[in-house]
Amino acid sequence: MAEKTELALDRSQVKKAVQALQAFLKTKSTSASLFLDESQQISLLFTFWKIPRQAQTIRIPLPHGQRSEAEEVCLFTRDEPKMTADQTQRFYKKLLEERGVKNVTEIIPYKTLRTEYKPFEAKRRLLGNFDMFLSDDRIRRLLPSHLGKHFYERKKEPLSVNLQSKQLARDIHRVIQGTNMKVTNKGCCCMARIAHSGMTADEVTENIEAAVQTVVAKLNMKGPLVKIIHLKSQTSVALPIYTSDLGDLTVLDEAQKQTQQKRDAAKKKNTEDVKQTDTTAEGKAEGKKAAKGKKKKVEEEEEIPQLVPIETPSKKPKLESAKKKQLKKAPKPALVKKGAKAQGKMTKKAGKSDSKVKRKVPKVK
């Protein structure tokens with residue numbers, strides 16, 4: 001794979017494109033637009049050779065500020081302990097004045113954001129009143145659930161700032177006057193704001209060169225990255241300022257072939273490893289079976305017959321069982337036997353009485 005290299009921009013060509021764009025914007029400006037907004041945004045449109053695999057946000061520091069002084073910036077701060085919302089607001093206003101920060105126009109504590117800007121209409125009003133939002137890095141993770149999706153859809157999500165930094169003015173100035181570019185994995189085109197129409201041609205060209213080099217350096221891609229770079233405003237046509245050589249296509253084809261070969265080799269290795277594991281498992285199983293058979297044979301050969309004493313059955317349980325059976329069967333035969341005995345006694349008595357009667361009969365002479 002080819003390594004990252006700096007893009008060789010033609011400075012004269014870039015400056016010509018900037019001058020042409022500024023001339024176009026001057027012709028399109030009217031008296032009504034002068035009262036509303038004197039400057040328009042100038043952006044760079046990057047087109048890559050392939051879609052990035054991972055989404056990424058690139059921070060681009062610029063040598064010249066790309067925001068006008070008329071733009072308003074809002075700062076979200078954390079709630080200071082043992083202070084009300086008004087007290088925290090005054091505390092941070094005093095802190096920014098002492099550090100020399102003049103770009104922030106409004107300070108909103110986190111408690112005020114939760115209470116006063118909870119309704120949907122209040123959030124939309126807040127979104128329209130400011131051009132940029134900053135947040136204390138200590139509460140940055142808590143803001144998405146309170147702001148809503150509209151801040152992120154319009155690309156006005158708050159940028160984190162370390163309010164405890166010793167060089168606070170420099171850090172805030174870099175964040176405000178710099179720019180961000182969001183690289184998505186859903187397409188091959190990305191845009192970054194780098195200047196406004198009120199700047200000179202040299203300042204715009206310097207910002208363009210700095211932005212292009214930082215994007216190429218920080219982008220998480222390998223090989224030839226950028227295909228085309230366009231310069232455009234909100235109402236103008238995109239003017240090309242860089243186009244890559246056709247030799248990049250051959251580099252990309254070779255890179256794709258190498259990656260495909262690596263994938264095929266990896267697949268073959270995986271299949272071979274699976275086969276080897278299967279064969280080794282079968283061999284191990286057969287070895288285990290053979291070992292078990294040998295052990296059984298050795299045990300059979302080594303077994304010695306032993307005399308085992310024969311246990312004599314105990315008679316007590318049989319007697320007890322017989323007694324139980326007799327007790328169970330006792331009621332029915334008992335009646336019969338009693339009746340029979342009674343009849344026998346009666347017959348015996350009758351016999352005795354008969355014999356006595358016979359004895360008493362006198363003999364006739």
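Just so you know, these numbers come straight off a predicted model, no measurement behind them. Excluded from the calculations below are hydrogen atoms, water molecules and symmetry mates; all remaining heavy atoms, backbone and side chain alike, are included.
Residues Leu25 and Ser233 meet the side-chain proximity criterion, which asks for heavy atoms closer than 4.5 Å. Between Leu75 and Leu163, the closest side-chain pair of non-hydrogen atoms falls below 4.5 Å. Contact of the Gln89 side chain with the Thr112 side chain is not registered, since no non-hydrogen atoms from C-beta on lie closer than 4.5 Å. Side-chain contact between Leu231 and Leu21: present, with at least one pair of heavy atoms (C-beta onward) separated by less than 4.5 Å.
Transitive grouping of hydrophobic side chains (ILVMFWY, heavy atoms separated by less than 4.5 Å) brings Leu239 and Leu9 into a common cluster. Phe91 and Leu134 fall within a single hydrophobic cluster, where Ile, Leu, Val, Met, Phe, Trp and Tyr are joined by side-chain heavy atoms under 4.5 Å apart, directly or via other members. Placement of Val161 and Ile108 in two distinct hydrophobic clusters is found when ILVMFWY residues are connected by side-chain heavy-atom separations under 4.5 Å, directly or transitively. No single ILVMFWY cluster, assembled from side-chain heavy atoms under 4.5 Å apart, contains both Met132 and Leu143. Hydrophobic clustering (side-chain heavy atoms under 4.5 Å, transitive across Ile, Leu, Val, Met, Phe, Trp, Tyr) keeps Val104 apart from Tyr110.
Checked by atom type and distance alone, the side chain of Glu98 never pairs as donor or acceptor with a backbone atom of Leu95 at under 3.5 Å. Remark: the backbone N or O of Asn185 is not paired with any side-chain donor or acceptor of Gln56 at under 3.5 angstrom. Within the 3.5 Å criterion, the main-chain N or O of Val73 finds a donor-acceptor partner in the side chain of Thr105. Of the possible donor and acceptor atoms, one in the side chain of Lys156 sits under 3.5 Å from a partner among the backbone N and O of Leu127. The backbone N or O of Arg193 lies less than 3.5 Å from no partner atom in the side chain of Gln41, so there is not a single donor-acceptor pair. Put simply, the side chain of Thr243 never gets that close to the backbone of Pro240: no donor and acceptor are under 3.5 Å apart. Here the side chain of Ser160 pairs no donor or acceptor atom with the backbone of Asp137 at under 3.5 angstrom.
For the atom pair OH of Tyr92 and CG of Asp136, the computed distance is 5.5 Å after rounding to the nearest 0.5 Å. Distance CD1/Ile42 to CD1/Ile208: 7.5 Å, rounded to 0.5 Å. The structure places CD of Gln40 at 5.5 Å from CD of Gln234, a figure rounded to the nearest 0.5 Å. In this structure, the separation between CZ on Phe48 and SG on Cys188 is 8.5 Å, given to the nearest 0.5 Å. The CG atom of Asn162 lies 14.5 Å from the CZ atom of Arg140; values are rounded to the nearest 0.5 Å. To the nearest 0.5 angstrom, Lys182 atom NZ is 12.5 Å from Ile58 atom CD1.
Considering every non-hydrogen atom in both Val18 and Ala201, the closest pair reads CG1-CA, 3.9 Å. Minimum interatomic distance between Arg59 and Val175 (heavy atoms only, all atoms of both residues): NH1-CG2, 3.9 Å. Smallest separation of non-hydrogen atoms from Gln177 and Leu62: O-CD1, 3.8 Å. Heavy atoms only, all atoms of each residue included: Met181 and Val215 are closest at CE-CG1, 3.6 Å. Heavy-atom minimum distance, Ile172 versus Leu96: CD1-CD2, 4.1 Å. Heavy-atom minimum distance, Val101 versus Ala169: CG2-CA, 3.7 Å.
Looking only at atom types and distance, the side chain of His146 has no donor-acceptor partner in the side chain of Tyr117 under 3.5 Å away. Between the side chains of Thr88 and Asp79, not a single donor N or O lies within less than 3.5 Å of an accepting N or O. Using modelled atom types and a 3.5 Å distance limit, the side chains of Asp202 and Thr200 yield no donor-acceptor pair. Looking only at atom types and distance, the side chain of His64 has a donor-acceptor partner in the side chain of Glu206 under 3.5 Å away.
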*Can you check side chain to side chain donor-acceptor pair (under 3.5 Å) on His230 and Tyr242, steps first, answer last?*
CA-CA 7 Å; His230 290 90; Tyr242 172 81; over 6 Å; no
*Check the pair Lys15, Gln19 against side chain to side chain contact (heavy atoms under 4.5 Å, CB included), reporting the backbone distance first and the verdict last.*
CA-CA 6 Å; Lys15 192 172 182 179; Gln19 289 173 350; 3.7 Å; yes
_Run Ser165 and Asp171 through side chain to side chain donor-acceptor pair (under 3.5 Å) and show every step you take._
CA-CA 8 Å; Ser165 176; Asp171 296 343; 2.8 Å; yes
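More than 12 heavy-atom neighbours from other residues, nucleotides or ligands sit within 6.0 angstrom of NZ on Lys232. Surrounding NZ of Lys123 are more than 12 heavy atoms belonging to other residues, nucleotides or ligands, all under 6.0 Å away. Counting non-hydrogen atoms of other residues, nucleotides and ligands closer than 6.0 Å to CD of Gln54 gives a total of 12 or fewer.
Residues Lys82 and Glu80 are not paired through a salt bridge, judged by the lack of any N-O separation under 4.0 Å between the basic side chain and the carboxylate.
A side-chain contact (heavy atoms from CB on, under 4.5 Å) with Phe133 is found for one member of Leu159, Leu126, Leu147 and no other, namely Leu126.
If you chain together ILVMFWY residues whose side-chain heavy atoms come under 4.5 Å of each other, Met191 ends up grouped with Leu45.
Contacts of Glu153 classified as side chain to side chain contact (heavy atoms under 4.5 Å, CB included), with partners at least two apart in sequence or in another chain: Lys149, His150.
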